[in-house]
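The structure appears below as structure tokens.
Per chain, numbering begins at 1; letters A, B, ... match sequence-line order.
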2 protein chains.
Amino acid sequence: MFQNNVMERLMQSVKININDNIYVKDPESSALGKRIVKESILMINEMGFECFTFKKLGIKIASNESSIYRYFENKHKLLLYLTSWYWGWLEYQLVFATNSMGNSTEKLKKAIEIVTKGTEEDSAFSHINEVLLNKIVINEYSKSYLTKEVDAENKEGYFVIYKRLVTRLSDMIRAIDVDYPYPSSLASTILEGSLHQYFLMDHFPTLTDCHQINDPTVYFQNLVFSVLKP
Amino acid sequence: MFQNNVMERLMQSVKININDNIYVKDPESSALGKRIVKESILMINEMGFECFTFKKLGIKIASNESSIYRYFENKHKLLLYLTSWYWGWLEYQLVFATNSMGNSTEKLKKAIEIVTKGTEEDSAFSHINEVLLNKIVINEYSKSYLTKEVDAENKEGYFVIYKRLVTRLSDMIRAIDVDYPYPSSLASTILEGSLHQYFLMDHFPTLTDCHQINDPTVYFQNLVFSVLKP
DNA sequence: AGTATATGATAGTAAAGCTATTAATTTTGT
DNA sequence: ACAAAATTAATAGCTTTACTATCATATACT
């Protein structure tokens with residue numbers, strides 16, 4: 001696709017801006033940092049977040065456990081970093097694709113498509129594998145906020161990118177139907193619900209009707225345009 | 001409420017049937033087992049699932065760590081037990097309240113009310129505090145299935161009660177609109193989405209429109225009856 | 001060449017997540 | 001009432017996780 005190509009080239013020159021306090025040292029600032037990010041994505045994907053440790057990662061990247069700690073305080077912060085990057089990347093795609101659109105119905109339709117479609121291709125331009133990262137978000141994102149420290153971490157701004165994404169969606173919903181009383185709830189339902197539907201497709205297929213053809217995108221587009229009265 | 005009273009009395013004589021393999025020894029079969037369940041609910045609620053340990057629980061109930069291991073293999077299994085109990089309890093309420101209803105629209109409306117309303121009163125008839133257990137489900141349920149072991153544990157039947165609940169809801173949706181193509185997805189969205197909206201109300205109020213008056217129940221009832229065409 | 005700075009190697013600590021063994025207590029069957 | 005059986009408690013110990021601290025080495029910068 002032409003658009004994808006343009007997108008890929010553009011993404012090369014754009015750095016996703018992540019809250020400084022999530023990392024000790026910016027992993028984008030060195031080769032080791034990038035290797036940490038790259039390989040952690042592979043490992044978390046393979047063994048799951050609970051089994052993943054900095055020690056194992058150190059062995060995998062032939063580096064030292066203590067060196068990893070110089071980039072991230074702990075694996076929870078690394079997860080916050082990875083998921084923030086993912087949401088920032090999605091946000092960028094969303095803004096890029098919908099910015100120039102005039103028709104607000106088409107705009108919202110496109111927006112839902114972007115945030116609910118599965119990631120199928122790796123851009124191959126950064127050290128980050130977006131396909132695997134998408135899988136990590138599906139399987140682990142909830143764990144990044146379902147903690148006793150949410151409120152403190154939220155105050156620190158660790159979830160700003162995600163919140164901005166929900167707000168953008170919510171604004172687009174409002175643009176279509178000012179009288180709909182739940183634009184934010186609907187926006188958050190789309191984002192969270194989409195991850196959940198993908199999880200169900202993989203592990204509890206009887207609890208979802210989504211599959212290759214009728215995917216989460218169609219489900220949510222249908223849902224949203226049924227509730228909204230333009 | 002009359003209904004609640006009847007319900008409470010009825011619940012006394014009903015035991016929620018949980019898959020044998022979730023526990024080593026049935027906690028309902030002894031005083032120690034009941035104390036384990038009762039106090040673990042308080043502790044998980046207070047300190048969160050990650051900080052909760054069997055050692056701490058042992059100290060709290062003035063018993064021994066190793067004694068707790070005779071009831072549950074590990075804290076993950078205990079979480080599976082607690083959440084299964086919760087879903088079983090909800091299922092019971094759902095069936096009890098909707099069984100005799102003739103009008104399928106009213107039935108689904110009631111069903112949504114039951115599964116999405118916050119638990120506000122403790123029945124005081126069992127050692128289980130349903131209000132706190134509801135909070136645990138909101139904050140920790142996802143962690144019980146977002147693991148590398150889901151498929152194996154699903155095969156063991158550890159999630160049957162939850163799946164049955166989704167199916168019941170899904171059937172009620174189908175009863176209203178046979179042509180709606182996503183009854184299971186909608187049912188799972190209601191259950192999961194409702195927990196999520198409660199979480200947002202507590203920690204990310206800007207991402208939801210739900211609050212005391214416009215609660216998740218009204219949001220989901222509105223959503224569901226907008227998509228379905230009877 | 002000299003000095004920051006980043007990385008690596010090694011060691012060590014506290015707590016988590018168990019298992020095993022033995023002792024004490026409670027329950028139960030006759 | 002008493003012995004046998006089952007449960008629970010106490011203690012110890014083991015491996016792994018999640019770090020922290022220290023010192024050595026490499027590399028880069030001026």
Specify the separation, in whole Å, of atom [atom1] of [X] and atom [atom2] of [N].
X     : N      : atom1 : atom2 : answer
B:E50 : C:dG17 : CD    : C1'   : 15 Å
A:Y71 : C:dA6  : OH    : C1'   : 7 Å
A:K55 : C:dA9  : NZ    : C1'   : 12 Å
A:N74 : C:dA15 : CG    : C1'   : 15 Å
B:N64 : C:dT22 : CG    : C1'   : 13 Å
B:F72 : C:dG17 : CZ    : P     : 16 Å
A:I59 : C:dT10 : CD1   : P     : 13 Å
B:E73 : C:dA16 : CD    : P     : 20 Å

Of the options [options], whose atoms approach the side-chain atoms of [X] most closely?
X     : options               : value
B:K56 : C:dT19, C:dA16, C:dT7 : C:dA16
A:L32 : C:dA9, C:dT7, C:dC18  : C:dT7
B:T53 : C:dA16, C:dA9, C:dC18 : C:dA16

Item to complete: Please determine if a side-chain N or O atom of A:S63 lies less than 4.0 Å away from the OP1 or OP2 oxygen of C:dG8.
Response: yes
Worksheet, complete the sentence: In the 5' to 3' direction, the nucleotides of DNA chain D bounding the stretch that comes under 4.0 Å of a heavy atom in chain A are D:dT17 to D:dA21
Discussion item. For the residue pair B:K75 and B:F52, would you count it as a cation-pi contact if the rule is NZ or CZ under 6.0 angstrom from the ring centre and within 45 degrees of the ring axis?
Written reply: no
Fill in: Sugar-phosphate, base or nothing in reach of B:S66, heavy atoms under 4.0 Å
base
Discussion item. Mind checking if A:F54 touches a base, just sugar-phosphate, or nothing, with heavy atoms under 4.0 Å?
Written reply: nothing
Worksheet item: If we only count heavy atoms from C-beta on, is the B:W87 to B:E91 side-chain gap below 4.5 Å?
Response: no
Discussion item. In the structure I gave you, are the side-chain heavy atoms of A:L223 and B:L186 within less than 4.5 Å of one another anywhere?
Written reply: yes
Item to complete: Assign each of A:R70 and A:E65 to its nearest nucleotide of DNA chain C by heavy atoms, then name whichever residue's nucleotide is nearer the 5' end.
Response: A:R70
Worksheet item: Parallel, tilted or perpendicular: which describes the rings of B:Y162 and B:Y141, with under 30° parallel and over 60° perpendicular?
Response: tilted
Discussion item. Can you tell me which residue among A:E28, A:K38, A:E39, A:K34 is in a side chain to side chain donor-acceptor pair (under 3.5 Å) with A:H127?
Written reply: A:E28
Worksheet, complete the sentence: For A:Y71 and A:P27, the nearest pair of non-hydrogen atoms, with its separation, is CD2-CA, 3.8 Å
Worksheet item: What do you reckon, are the aromatic ring centroids of B:Y145 and B:Y158 less than 6.0 Å apart?
Response: no
